[in-house]
Amino acid sequence: MDNRIASVETLLTCPDRNYLLVKVTTEAGVVGYGDATLNGRELAVKTVLDEYTAPLLRGCDSGRIEDIWQMLFRHTYWRGGPVLQTAMAGVDMALWDLLGKRTGLPVYQLLGGKSRDRIKTYYHVHGDTSEALIARAHEAVKAGAQVLRYSFSTKNPFHPESGRSYTQPHQDIELNERFEVKGQAGGTMADTETQIARWETEPYLEELPDITAALRHAVGPHIGLIHDIHSRCTPIQAVRAAKELEPCHLLFLEDPIEPLNREALELVRAASATPLATGELFNTMDQLLPLLQRRLIDYIRLDISHFGGITPLRKAAYVAEACGVKTAFHGPGDISPLAHAAQFHLDLHVPNFGVQETLRFDPRLSEVFEWHTVTEDGYLSFEEQPGLGVAVDEAAAAAFPYRKAFIPGHRDEGGAVHDW
Ligand code: KDG
Ligand code: MG
């Protein structure tokens, strides 16, 4: 069989939101797919892939996955950053998918086999008020959820007439009896230009401890609770939040401060025993390594599409294992089912798996992607197939053309830019 790469192509599709897919085909006609979606900057990644990566890869041995990763990372000289790493991720996932299809094995088997039988997941619950949030949490727990990521809206003290108007990002869910979930990421897509919402952190910090305590009381001690501050605190505000949430025993507090201000995590760590998680904005190992070496976090929130693919994510998980840190890979709506599937394979394999964020995609996605997962009692399992196990219908993908969209932004009441 001729395993040399014949072509690397990109497919841009927008069934409900934009996804950029990479398709690698060998001379023997075997095809692999990967996800290269960078929400709000899809065309930049597409240009890298079409103009620079595809010509480099033609004729390479598709089985030399590590070597290709190293070549793409190091021969460009300009390495790292979300655009280049997302492009590499798409190729890397496609090559693992292709290897699985060539050998007839699921990717987790190629990685070294299972360390567990099923994957503990978490979904988002959101309420505009504490009561609404608790009602949502009860529904989720009744449907089998064991871990919940909660968010809420905060009263606007400057404009009380506007009600609860400071809202955190969330991808809330609709539940059915088997805890199959339905919904899409809230507030991650604006049509033609960046939409601006208002945000002030102090009013939110006033409400956070009481709402969390009420939620903990409502769901009892055995449901894992996760809260994502989404970079909205200064370091000292984050210290306050972590200390005040300590009695609520969170599974973890995510991105309490701006993730690239890594040094400041030390302050939060020193101040409280609230477990910490970060990493969804990291693209390369050098961003993560100091946090692991200094034991500043408990969970790594990297995601496969922005960290360069299966090859580096696996290494990051192994290094985390050596440091006693678990995985909680980022699983938002703005990466495609191919990326979620690739993470599920790693979740099954890595010994230090912690929990997996996930969602049920918009039903329109099932026209483009065919994959089979089941979640029962909060645990996900998927049907075994060679490769990643996600079939892509290219004609359906082409029927949903790209629509330019931007991630919304935030400004404070004085009009200054605020983290999202
Ligand atoms: O596009 C941004 C989303 O991926 C992000 O807001 C989701 O923070 C997120 C999470 O933890 O899922
Ligand atoms: Mg997050």
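Ligands are counted one by one from 1 in listed order, and the atoms in each one are counted from 1 as well.
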Interatomic spacing from OG1 in Thr358 to CZ in Arg149 - rounded to 0.5 Å: 13.0 Å
N-O pairing of Lys114 and Glu384 below 4.0 Å: yes
Candidate pair Arg232 and Gln168, rule side chain to side chain contact (heavy atoms under 4.5 Å, CB included), full reasoning: CA-CA 10 Å; Arg232 291 177 177 187; Gln168 287 190 281; 4.1 Å; yes
Subset of ligand 1 atoms that lie under 4.0 Å from at least one heavy atom of Ile407: 1 (O)
Atom of Glu254 closest to the Mg ion (ligand 2), considering N, O or S atoms: OE2
Sidechain N-carboxylate O distance under 4.0 Å for Arg240, Glu202: yes
Proximal ligand 1 atoms for Glu357, defined as those under 4.0 Å from one of its heavy atoms: 10 (C), 11 (O), 12 (O)
Nearest to the Mg ion (ligand 2) - the N/O/S atom of Glu280, by atom name: OE1
Side-chain donor or acceptor of Arg314 paired with backbone N/O of Tyr318 under 3.5 Å: no
Closest candidate by heavy atom, reference atom 1 (O) of ligand 1, pool Asp334, Thr358, Asn39: Asp334
Ligand 1 versus Asp255: contacting region, heavy-atom distance under 4.0 Å: neither
Polar proximity ligand 1 side, Glu280 side, N/O cut 3.5 Å exclusive: yes
SB check Arg301 Glu357 (cutoff 4.0 Å): yes
Contacting atoms of ligand 1, where contact means under 4.0 angstrom from a heavy atom of Asp228: 8 (O), 9 (C), 10 (C), 11 (O)
Flag for Tyr52-Thr47: side-chain donor and acceptor within less than 3.5 Å: no
Residue pair His159 / Asn156, side-chain donor-acceptor N/O under 3.5 Å: no
Enumerated ligand 1 atoms positioned under 4.0 Å from heavy atoms of Glu254: 11 (O)
N/O/S atom name from Asp228 that is nearest to the position of the Mg ion (ligand 2): OD2
Proximal ligand 1 atoms for Trp420, defined as those under 4.0 Å from one of its heavy atoms: 2 (C), 5 (C), 6 (O)
